[in-house]
Protein chains: 2
Amino acid sequence: MTTLVEVARHAGVSKSTVSNVIQGRVTVAETTRRKVELAIRETGYRPNAIARSLRARTSHSIGMIVPDLNNPFHAALSVAVERAAKQHGYATLIAHTDCAPDIETEVSRALFERRVDAVVIAGLSTGSAMPTSLLDNGIPVVLASFGGLSDGRLGFVDLDDAAAMEAVVEHLFGLGHRSFAFVSQSYAEQSGERRRQGFEQALARRALSAVSREEATAIMAHNDLLALGLIDEIERGGRTVPFDVSVTGHDDIPLAAHSRIRLTTVRSDAQFMGQRAVELALRAVQAGGHVAHREIHTNPLVIRHSTGAAPR
Amino acid sequence: MTTLVEVARHAGVSKSTVSNVIQGRVTVAETTRRKVELAIRETGYRPNAIARSLRARTSHSIGMIVPDLNNPFHAALSVAVERAAKQHGYATLIAHTDCAPDIETEVSRALFERRVDAVVIAGLSTGSAMPTSLLDNGIPVVLASFGGLSDGRLGFVDLDDAAAMEAVVEHLFGLGHRSFAFVSQSYAEQSGERRRQGFEQALARRALSAVSREEATAIMAHNDLLALGLIDEIERGGRTVPFDVSVTGHDDIPLAAHSRIRLTTVRSDAQFMGQRAVELALRAVQAGGHVAHREIHTNPLVIRHSTGAAPR
DNA sequence: TTGAAAGCGTTACCAG
DNA sequence: CTGGTAACGCTTTCAA
C-alpha cells in the first residue's frame, strides 16, 4: 500500500510538499506540483483516511442507527441519509438495534469508539439511554421520526403524531366506526408509544376508548408494515378489509399505494427527513456543538381503500 | 475525550501498562490491574478505534455495497451482513450505487481510502470495474447473488439462476403458456442479465423465443419488487393476474407471501447469504489473502397464485 | 511486572 | 515555496 512518503520519494520531494499539493491549501510551484501529481498517478496512491482522521480528529463518518432495515420506511430513511452523507464526503456506518436495549448499548459504544462525527437515529426503544450516552460523549445526535424525549441538545426531525392520529380517527369516525384498536410493534419503540397516545387522546375527545383487536371494526397500526401484516392476518382469518374491518398504517411506504393493497395511511417523506437529518447533524459538527433544534412536520392523511364504512 | 495517557496518569502507571490491561495479553499484577480498571471507569475511557486501526493496520470494518436498499431483498441481505459483521466485532460501512458506474467508482474509492478490510457486494452494473479495482488494492471481495464475473480472486455466494429460470419456465409451460417475456431493472444489473440468459435458454429448449411484454401471457421479472410493480401496472390497466397474465418474481421477499399478493417466485435466503458472505470475507481477511471461493446455491421455486393456466 | 521509545500515515507549524 | 519536525492515540518490542 503506497503511502505519502513513498510518493514523496518517488517525486524527489518531501512529504510535506506532497501533502501540500494534495490539500491544495498552500501554493506550490507549478513544476513541483506536476512532478508530485505524476508520482501520485504512477504509484496509484490513495490517502489513508484513517491516518487522516487520527490527525484531524474527525472521522468524516456518521452513524445511522436503525431498528430494522427490513422496514421499508427505515430503509428509505437510510438511503436518504447515506446519499446525503456521501454528498458531503461522509461515510455512513450502519447499525441495527431491533430496539433491544442491550444492542443499543453495544451499538452506541461501537460507534463512539469509531469516533463517528454524528449519529442519526431512526428509532429507539422506549426509555433508551442511547441518545444521552452519545450526547454526553460530545456526539451530536438527531432523531428522525421518533417519540417523546426532551434533551435540549438533541436534534429532531419530528412528526406531529398527535395530529396525524387525530386525522385518522376523524376519518374513521366519519365512516361510522366506534370500536377502535391500536397495534404497535412487537418490540417497544418510542414512536409507537407516542402514536398510541395520540390515538387514545383522539378517542377520548370523542368519549371513546380503545377496544381489543378482535372487537374493533377499525384497527390502526403503528406503521405500514404492521398494517400489511394485519390485513394478511385478517383476511387469512376469513374476514375482509375494508368490509369487515378497516385498517390504517403510518409512513406511506411505496407498497401502500399498490393496487392490491391501497392502504389508507399517513404519509411521511423519508427522503426529505433523512436528508434534513444529515443537514442538521453536519451543521452541528461544523459548529462544534450539538444540534439543539426541533422541527415538527405535520403529515397528510392519505385515504385509500383499506378503510370503509363501519359494518353494521 | 479521555485518552490512554490520561488514564495512565490517573492510575499512576505508564500508558503501556494501561494498554496491557486492556489487551489482556500480558500478565499484569493484580493490584496494578485494579488501579487501572478503576481509572478507566472513573475517567469513562473508551479506546479510540481510529488510532488503534492506524497502528494495527486493520480497520475492523467491512464495506457493504448495495444497488438500492429500497429493494427488500437487498435490505435483508444488508441486515444479515451487518449482524454477522457486528458479531465478529466489525463495523459495516454501507454504500449505494444505483448500479451507476460513476457512483460505483466513487464508492469503491471511498471504501478503499477508509481501508475497509473487505467488501461484500449485493449487485453490480454490468461490466463493472469495481471488483477488480478493489481486488487489485488487496481488498477481499465477495459477491452475493450476482452475475457473470470470473476473477479467480473473488468470492461468490452465488445462485443457480439458469436452473431457477428453467424451473419457472417449466412451471409456466406446464400451465399452457407459450408467450413469455422477461423484464429487468431499469438500471443494468449483472444478475438481471444472467437471469435473462437463463430465461432465454429455457425458452430455446422449447423452441420458443421471447415476445414483448404486451403480447406475453407470462411475464417473468428479474426480482420480486419488479414483479409487484408489474402486477400493479397490469391490474391498473384492467387486466388481472393470474387470469389474463401470469407473473413471477425472484427472491421471495416477505411480502411475496402476503395474502393479497401470493407471488410465485424463486426463494433466496438473504439471511443465509449475507451471513455466509461475511464468513468468507472475514476468513480471507484472517488468512491475509483473497476469498477465491465460489459456491452456488440452487433455490426452490415457490408456487403461489400469481401464476395460473394460460388464457385461451 | 513495568515502562521508554519507536512508529502507524497524516497534517500543520515554522524555519530556511 | 519547500522541508523538518512534532503531534494525533494507540500497540509493541525491548530493557530494566
Side-chain angles (χ1 to χ4, degrees), chain A residues 1-37 39-40 43-61 89 91 110 112-117 137-138 288, chain B residues 1-37 39-40 43-61 89 109-110 112-117 137-138 288:
Chain A
M1 204 132 316
T2 33
T3 72
L4 205 52
V5 239
E6 303 183 48
V7 175
R9 234 192 334 258
H10 205 87
V13 299
S14 80
K15 59 178 182 174
S16 318
T17 302
V18 178
S19 181
N20 284 336
V21 354
I22 291 175
Q23 306 304 307
R25 316 206 43 76
V26 174
T27 355
V28 21
E30 190 51 27
T31 53
T32 24
R33 139 165 299 119
R34 287 246 257 274
K35 268 194 304 187
V36 171
E37 279 166 351
I40 289 180
T43 56
Y45 169 71
R46 282 286 152 217
N48 181 327
I50 296 186
R52 205 174 252 187
S53 295
L54 180 59
R55 176 69 232 225
R57 340 193 77 230
T58 159
S59 63
H60 272 254
S61 66
F112 173 55
E113 292 193 354
R114 278 172 169 97
R115 298 299 189 267
V116 293
D117 292 338
N137 281 312
Chain B
M1 204 131 319
T2 34
T3 72
L4 247 199
V5 236
E6 304 183 48
V7 175
R9 232 189 340 254
H10 205 87
V13 299
S14 80
K15 60 177 180 171
S16 322
T17 303
V18 178
S19 181
N20 284 337
V21 355
I22 290 175
Q23 305 305 310
R25 315 206 44 76
V26 174
T27 355
V28 24
E30 189 54 28
T31 53
T32 25
R33 138 165 299 119
R34 287 248 257 274
K35 267 195 304 188
V36 171
E37 279 165 352
I40 288 180
T43 56
Y45 170 71
R46 283 284 151 217
N48 181 328
I50 296 187
R52 205 175 254 185
S53 295
L54 181 58
R55 177 67 230 229
R57 339 193 78 229
T58 158
S59 62
H60 273 254
S61 65
R109 197 184 48 68
F112 172 55
E113 291 193 355
R114 276 171 171 97
R115 298 298 188 268
V116 292
D117 291 339
N137 281 313

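In what follows, every heavy atom counts, from backbone to side chain, and hydrogens, waters and symmetry copies are set aside. Chain identifiers are assigned alphabetically (A, B, ...) following the order of the sequence lines, protein sequences preceding nucleic acid strands; residue numbering begins at 1 within each chain. Bear in mind the structure is a predicted one, so any value in this text is a computation, not a measurement.
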A/Ser53 side, atom OG; B/Asn48 side, atom CG - distance, nearest 0.5 Å: 9.5 Å

Closest to side chain of B/Ser16, choosing from D/dT12, C/dG9, D/dT2: D/dT12

Which atom of B/Pro47 lies closest to which atom of B/Arg52, heavy atoms considered: CB-NH2, 3.4 Å

Spacing between B/Arg114 atom CZ and C/dC8 atom C1', to the nearest angstrom: 19 Å

Nucleotide C/dG3, atom P - distance to CZ of B/Arg9 in whole Å: 15 Å

Atom-pair distance (NE2 on A/His10; C1' on C/dG9), nearest Å: 19 Å

Whole-Å distance separating the NE2 atom of B/His60 from the C1' atom of D/dC10: 14 Å

B/Arg115 and A/Met1, any side-chain heavy atoms less than 4.5 Å apart: yes

Sub-4.5 Å side-chain heavy-atom contact between B/Leu54 and B/Ile50: no

Test log, rule side chain to side chain contact (heavy atoms under 4.5 Å, CB included), inputs B/Val28 and B/Val36: CA-CA 10 Å; B/Val28 24; B/Val36 171; over 6 Å; no

For B/Ala11 against B/Lys35, the heavy-atom pair lying closest together: O-CD, 3.8 Å

Separation of atom CD in A/Glu6 from atom P in C/dG7, rounded to whole Å: 16 Å

Where A/Ile22 and A/Tyr45 come nearest, the two heavy atoms and their spacing: CD1-CE2, 3.6 Å

Shortest non-hydrogen separation from A/Arg114 to B/Ser59 and the atoms involved: NH2-O, 3.9 Å

Distance in Å, B/Glu37 CD paired with B/Thr32 OG1, rounded so as to fall on 0.5 Å steps: 10.0 Å

Nucleotide C/dA4, atom C1' - distance to NZ of B/Lys15 in whole Å: 9 Å

Separation of atom CZ in A/Arg115 from atom P in C/dT10, rounded to whole Å: 21 Å

Those residues of residues 45-57 of chain B lying under 4.0 Å from DNA chain D by at least one heavy atom: B/Tyr45, B/Pro47, B/Asn48, B/Ala51, B/Arg52, B/Arg55

Candidate pair A/Ser16 and A/Ser19, rule side-chain hydrogen bond (donor to acceptor under 3.5 Å, both in side chains), full reasoning: CA-CA 5 Å; A/Ser16 318; A/Ser19 181; over 6 Å; no

Axis-to-axis angle between the two ends of the helix from C/dT1-D/dA16 to C/dG16-D/dC1 (five base pairs per end, rounded to 10 degrees): 50°

Strand-adjacent residues in residues 18-34 of chain A, judged by heavy atoms under 4.0 Å from DNA chain D: A/Val26, A/Thr27, A/Val28, A/Ala29, A/Thr32

C/dT2 phosphate, OP1 or OP2, under 4.0 Å from B/Ser14 side-chain N/O: no

Check against side chain to side chain contact (heavy atoms under 4.5 Å, CB included), B/Glu6 and B/Thr3: CA-CA 5 Å; B/Glu6 304 183 48; B/Thr3 72; 3.6 Å; yes

